[in-house]
Amino acid sequence: MAALALGQLRRRPAAFAGPAAALFLAVATVTLFGSLLAAHLAAPASARGEADGPGLAVIAGAFGEIAVLTAFFVVVNALGSAVRRQHHELALLRTIAATPRQTRRLVRGQVVATTLLVAVPGWAAGVAAARRLLTELRRLGMAPPDVRVPVTPLPMLAALAAALAVGLAAAAVAARRISRVAPAAALTASTTEHGRTGAPRLLAGLGVLAGGALLLRLAATRPEEQADKAGQAALLASLVLLAGVALVGPFAARLLAAALGAPLRALAPGAGWLADAHLRGYARRLSSAVVPVALLVGLSGTMLVMTRTAEHSASAAAAGAASATDVWLRQAELAMLACFAAVSTVNTLVAVTAERRRAFALLRLVGATRPQLMRMLAAEAAVTTAVGVLLGAAVAGAASSAFSASVTGSPVPSVPVAACAFTVVGAGLLTGPAILLTGLRAIRGPAAELVGGGRD
């Protein structure tokens, strides 16, 4: 199975580009903040108190915690999409006597091979980013002047171990459906979708959402002098809520798609009807496309609104949370999280659109033209963006409201309208081209050959 896994990587490198990018970001992120923590531990005890601000340990811990969790969220989403895209090939292997254990071993081999391929570049990028960030922290007076990133393999080994653990766990969950059913059923399942969200997944999602609600309450009840902790709790709550949205995504996506379906059909009777039928019939696929958009809007919106709320607050503690150095840190963290979310958005949208190549060919065989298919994809892109923005805005609103209740006493935060509008526009600019350009490539070629040969 190891040779087969490596062979697939060599034959179809583009299919593994998304997981590779996500794993690269995860390795680099853990290496970055692990190196900062190593620099703090390697510094003399007398030098650790010379810096202003929270210090390297807090930056590596509190700020790194959110970034690392987000990176792993991106890994889980990317690997889930990659394994789902291979369902047809894995099902074919099952029909020629491959056992469920061999199928799972193949997927694990792909994850291990991909992680090892990106490990060295990820380590190099993480160490370089740690040195650059430490230079900026020293310039701002937030790190002692003599602290340096030590030469130690521990952050790199920890990054590799964490990426492998998360990647293997995500791949095991994604491959479970195709490896637990009979071979013939697996082949059928590779081209269809269950109509309902499973009860265990729905219950797990509700449990995660309840955990996010508890974190929101924790953030809202923090005293004013603990504004930094309230902000960290609110940001962590937004990430937990987004994880819950991912779990209940098919159910939520089906409801929102149904609500948007009527105006879509009215605005574009032909393409809108096709788009609405597909989005309703493939709620899991819609959920996979929507979650990264919600991640981008939810995390970016939470950071932007919390920063503006802290800046407008009259309390001294909140003013400290909005100091120049802290705002710089928040902006750096926002840029990192937005990068992760953008990578996840593009990876997922390209994957879920490319895997529909055979469906597009079938539509062409029954009379659909390429312009009609592109109009259908444009309508789907609009709905995907709208649903993702709505879910992300709901998460950002809840998190920033909890933070505002802590630092101002009012649940109504200060909203930077222009910055939030830019985030929404950015989400649309990522979603539309990713779907349309991939769709344009997917509808090329003779339709009869694509239908007969299955997926490329």
Side-chain angles (χ1 to χ4, degrees), residues 66 69-70 73-74 76-78 80-81 197 201-202 204-213 215-216 234-261 263-264 275-276 279-280 282-306 334 337-338 340-349 352 379-402 413 415 419-432 434-435:
I66 302 297
L69 289 176
T70 305
F73 189 99
V74 173
V76 171
N77 199 54
S81 296
T197 302
R201 175 172 177 166
L202 188 59
L206 293 175
V208 173
L209 290 175
L215 285 172
L216 290 178
L235 193 57
L236 182 59
S238 68
L239 189 57
V240 173
L241 290 174
L242 287 166
V245 167
L247 288 170
V248 302
F251 179 74
R254 187 179 290 112
L255 290 179
L256 290 174
L260 296 172
L264 183 65
D276 180 48
L279 294 174
R280 289 195 189 197
Y282 289 86
R284 289 180 184 272
R285 184 179 289 166
L286 174 61
S287 173
S288 298
V290 160
V291 167
V293 181
L295 178 70
L296 174 63
V297 174
L299 290 180
S300 300
T302 300
M303 294 283 291
L304 290 169
V305 177
M306 286 199 314
L334 173 60
L337 296 181
F340 292 164
V343 168
S344 180
T345 300
V346 173
N347 282 347
T348 305
L349 294 175
V352 299
E380 291 181 8
V383 174
T384 300
T385 304
V387 174
V389 167
L390 288 174
L391 292 174
V395 170
S400 56
S401 178
V415 180
C420 290
F422 179 79
T423 301
V424 173
V425 172
L429 291 177
L430 282 174
T431 304
I435 292 177

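Bear in mind that the values here come from a model prediction, so they are computed numbers and not experimental data. Count residues from 1 along the sequence. Atoms considered below: every heavy atom in the structure, side chains included; atoms not considered: hydrogens, waters and symmetry mates.
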Participant: I need the minimum non-hydrogen distance between F73 and A243, along with the two atoms involved.
Facilitator: CE1-CA, 3.6 Å

Participant: Once you round to the nearest 0.5 Å, how far does CG of L216 lie from OG of S400?
Facilitator: 9.5 Å

Participant: Distance from L209 atom CG to L247 atom CG, nearest 0.5 Å?
Facilitator: 8.0 Å

Participant: Knowing that exactly one of L299, L296, T70 qualifies, which makes a side chain to side chain contact (heavy atoms under 4.5 Å, CB included) with F340?
Facilitator: T70

Participant: Once you round to the nearest 0.5 Å, how far does OG1 of T345 lie from CG of N77?
Facilitator: 8.5 Å

Participant: Mind running side chain to side chain contact (heavy atoms under 4.5 Å, CB included) on V291 and L242 for me, showing each step along the way?
Facilitator: CA-CA 8 Å; V291 167; L242 287 166; over 6 Å; no

Participant: Minimum heavy-atom separation for V297 to G392, with atom names?
Facilitator: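 Closest pair (atom of V297, atom of G392, distance): CG1-C, 4.0 Å.
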
Participant: State, to 0.1 Å, how close A237 and G212 come at their nearest heavy-atom pair, and which atoms those are.
Facilitator: CB-O, 3.8 Å

Participant: Output side-chain donor-acceptor pairs under 3.5 Å for residues 419-431, partner residues at least two apart or in another chain, one line each.
Facilitator:
from	atom 1	to	atom 2	distance (Å)
T423	OG1	A419	O	3.1
T431	OG1	A427	O	2.8

Participant: Quick check: closest heavy atoms across T384 and V290, and the distance to 0.1 Å?
Facilitator: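 The pair with the smallest heavy-atom distance is O-CG2, 3.9 Å.
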
Participant: Look up atom CG in L235 and atom CG in L69, then write down how far apart they are to the nearest 0.5 Å.
Facilitator: 10.0 Å

Participant: For the residue pair L349 and A289, what are the closest heavy atoms and their distance?
Facilitator: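 Nearest pair, atom of L349 first, then A289: CD2-CB, 3.5 Å.
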
Participant: If I take atom CG from residue L215 and atom CG from residue L236, how far apart are they, to the nearest 0.5 angstrom?
Facilitator: 5.0 Å

Participant: So how far is it from L295 CG to L391 CG, rounded to the nearest 0.5 Å?
Facilitator: 12.0 Å

Participant: Looking at every non-hydrogen atom in both residues, tell me the closest pair between A399 and T302 and how far apart they are.
Facilitator: CB-CG2, 3.8 Å

